[in-house]
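So you know, we letter chains A, B, ... as the sequences are listed, proteins then strands, and number each from 1.
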Protein chains: 4
Amino acid sequence: MIIITRASITDAELDAIRERIEQRGMRTHLSRGVERTIIGCIGDESLLAELPLRSMPGVEDVVPVLKPYKLASREFAAAPSVVRVGDDPSRPGRVAAFGGPAIAIIAGPCSVEGPDMLRETAEAVRDAGGVMLRGGAFKPRTSPYAFQGLGATALKMLADVRRTTGMPVVTEVMDPRQIDDVAEHADMLQVGARNMQNFSLLSELGRVKRPVLLKRGLSATIKELLMAAEYIMAQGNRDVVLCERGIRTFEVATRNTLDVAALDGFRELMRRLAPFAAAAGRSLGASADGARAGAAA
Amino acid sequence: MIIITRASITDAELDAIRERIEQRGMRTHLSRGVERTIIGCIGDESLLAELPLRSMPGVEDVVPVLKPYKLASREFAAAPSVVRVGDDPSRPGRVAAFGGPAIAIIAGPCSVEGPDMLRETAEAVRDAGGVMLRGGAFKPRTSPYAFQGLGATALKMLADVRRTTGMPVVTEVMDPRQIDDVAEHADMLQVGARNMQNFSLLSELGRVKRPVLLKRGLSATIKELLMAAEYIMAQGNRDVVLCERGIRTFEVATRNTLDVAALDGFRELMRRLAPFAAAAGRSLGASADGARAGAAA
Amino acid sequence: MIIITRASITDAELDAIRERIEQRGMRTHLSRGVERTIIGCIGDESLLAELPLRSMPGVEDVVPVLKPYKLASREFAAAPSVVRVGDDPSRPGRVAAFGGPAIAIIAGPCSVEGPDMLRETAEAVRDAGGVMLRGGAFKPRTSPYAFQGLGATALKMLADVRRTTGMPVVTEVMDPRQIDDVAEHADMLQVGARNMQNFSLLSELGRVKRPVLLKRGLSATIKELLMAAEYIMAQGNRDVVLCERGIRTFEVATRNTLDVAALDGFRELMRRLAPFAAAAGRSLGASADGARAGAAA
Amino acid sequence: MIIITRASITDAELDAIRERIEQRGMRTHLSRGVERTIIGCIGDESLLAELPLRSMPGVEDVVPVLKPYKLASREFAAAPSVVRVGDDPSRPGRVAAFGGPAIAIIAGPCSVEGPDMLRETAEAVRDAGGVMLRGGAFKPRTSPYAFQGLGATALKMLADVRRTTGMPVVTEVMDPRQIDDVAEHADMLQVGARNMQNFSLLSELGRVKRPVLLKRGLSATIKELLMAAEYIMAQGNRDVVLCERGIRTFEVATRNTLDVAALDGFRELMRRLAPFAAAAGRSLGASADGARAGAAA
């Protein structure tokens, strides 16, 4: 951590800052410039987490040096990892791999509406080269009066179509109390954009033995997305796939703006969660109707 | 609902659209302009919720006429309502009123850190004219490694300080499984910005007999905030107070941008949830340190 | 234009609105719904431009039906047009076409720094399949102390390299007083993102006999970009190429967010200015250094 | 300037970076942490402006220490300055002061529409305590087909009403070629939000002997606004008043979001241009009609 001081800082203020930091077990290092003095803090930055450094007299700015996402960071990892979905001996079927050389495509209906429609879609997705079926059982809807999904009934349909077609399935979980049931029926658990910072849900997903597809919140920075992944990984579940799905901007001609550069950002920053998928349907049009009509993810 | 057609629409396409709408039990009404034909849909708009109107051939745009938040809307209400917090005969103490002529101020520490600090703060808030104490027991933190609050221990401290000082208390709830415990100890339950569209949590709060303080999500539109309130109200709990706490914009000099016009927007749009409160601390500076140091909400 | 009235509108208010509209020479058409009355306005919408309809008693919302960009709209055009750059008999050389079936690539240095560097870059761009050379002579720089470009000297270097290599050249114009000079030396005139709504500049460019490359402002909506094109076209110059170059969002990990959906939006909305180009360099990284080092546009 | 290096940096890379910096006449200072090495650069930061530091091998991040707006910064100034408008011996009348203890209110019509309306408004503004009249002569309009203002005729009306009422007047200038004429008739020249980064216009205004009212661009950061002020000041004109007028965000319920915290940011950051004014009319409603109807700025 680096502390940039104001031009007007006094020696007493400078000493007070150093003393607070050194009390926490870190060393400090002064670098006096022409107009400013810089305080370098050497040691474990987390020791300073609770110190109100920015509000101390004489402080202009505080610049963290280390990334706060230790598990999600690629920094100290030799290679990007690959997340395998459906690789469960108790459940025969295909395995989908994210993060490897092949582009993995997930597709399926927004909501599961019935067994026939679901099976036909799964076969169409498989025949078109898709590696996984998605389908909503619990639907996060902006209005309490809109259709909320078929719930437990849809979970059973998803498990059935996996058995029939061999395609692994992913579906959204919205509530910690649904996790066990969803994990029993699906191969991968999806966290929707609105729940990206539902920390209770994330922590619980860290205790599950299934990979998680984590969608970026509609105004989440890449760093916040990685911190959300860190929540899951910190509890032991290292199989997280990040999903760029478009962010909210001032532009109203489209519902969301797909942040293509984020995909590159993920690659640069991620360690064990290297894989990603872009949910293009929502970002490429103002209407949700198109996404519902087709089989696009 | 009004449907604006493309200049190039054919009579067959026009008939097909009308037929789909009338099958749902609504009437249609044509208005032919110089270059466009407008279809007015008369009847209950919710009947059209599942129709993919925007993707039908010949459709240019679809304009809803009625507001989707029926309970939260002020439109058909005679007067703004007042939400009373702490008005529980089994718990003697003060009552805080939101939505009436007086400005109601909530203040208290970001996190509850101990009983003495909490009692002293409560007394200071009361003596300064505040009507309610806030204090975090469960803290939503961006990092899984940051202090997450004292949890159940803090809830007990909040209930104790209410008994001692008579000040009603509000604290955040992050998980449906915490609701009963929080409702037992606090007078009002707060939904944080990150959980504004945690629909499972909102629905459960609709079944609670305590008022809810609903904070605006950092990139939620006013309409989405009202829809979130509608989730709570649709389950029976009409005592919702909205809280503008700053939105996320491109500006990085401050953490959030307080949307002062939103307060006016709330007044214009709301019915039963007329009250509001602005959490200014977070919006007025780049650092959270200031908010933690003082007693500001 | 459609006027949606409030539920509480009186007959007198309704009559007053209709009277104001009909005085301007338009017809009105009532559509009474269960809770609302809709007023359709039939005729030339521009007649209503100066009427403060939104603030009239009883009005809830005003929805325009026709697009305000008549020349830029594709609506009444049979086919997208193609803009040809460098097609000037007095200047032998190659011709670059935008809007046709081939993807046209423009490349070159951010700033023209010298004749050798420019000629080598032009040859490299040409050999790599690029159709036009760009190079900055007048540079819009955020700081008044930064290098502002070589100005008139750079214009001459651009004209020289066109003669030598046959490659048409595009360069930015920042001031109406520079237009004649830039048009004499370059084949296409570029409007930078910061000047997208510099209406004096746009109007003057409408009188020039050279195509214009119009870059999207960093927080301009697609509609505003089309209105800026309309400014140029309304003065007689129909050869406008739109350029998506990334928009400003809350995300700070990258300098801009390339709005890929906008390219599709351009195609949908545009008429004579169908062509476009995406300046990817700026959108794909937080630093400008990369863009300066390479020959990428 | 501080350079944060990657964990993987080699000694050769470290030496190469230091060498490049020291060649420019600055000193460097190493601070080795547990996982990172920090390079402090001591001396005049502007010497490094053209170095592509971020793209050098081993560099993780570059943090500037000094503010790039030297004239606009308050940092080395003893007190905020006061800008006086109308203080011209050749023109008797009132003087408006910005930046002093009193709140200065500017008001007037969006567009000058006629002499009577203007004189009546000026008297109303004066009687209500306003210190300056505004009125648009040249209007920046999104559509080329909208009313563009009365131009030179309106300038004369503004000068006339100043003589009659003694109220200083401010009006917008959109083109460098209009500056002389506007400066002759008005007491203060306004730069509109769309032209905040029209650097040709800003530079010319730096040579004028009249104060400038600089409106914040709709997606300009506070830092960019200060850099725009720096453009004017660098040419010799130190009388710049900044105007917060609302920024563009995702929220569509209002046209702009007034960034109230920016006013505080101005105070913190500014030196000679301490004064400011907030154009509230545009930020507090979705419609421009209200602003046109009243006398609000």
Below 4.5 Å from any heavy atom of chain A, which atoms of Leu218(D) appear? Answer side chain, backbone, both or neither. neither

Is there any ring-ring contact (aromatic ring centres under 6.0 Å, His included) pair reaching into residues 216-241 of chain A, and which pairs are they, with sequence neighbours excluded? Phe199(A)-Tyr231(A)

Do the non-hydrogen side-chain atoms of Val63(D) and Ile2(A) ever get within less than 4.5 Å of each other? no

Are the side chains of Ile38(D) and Ile38(A) in contact, using a 4.5 Å heavy-atom criterion? no

Measuring from His29(D):NE2 to His29(A):NE2, what's the distance to the nearest 0.5 Å? 3.5 Å

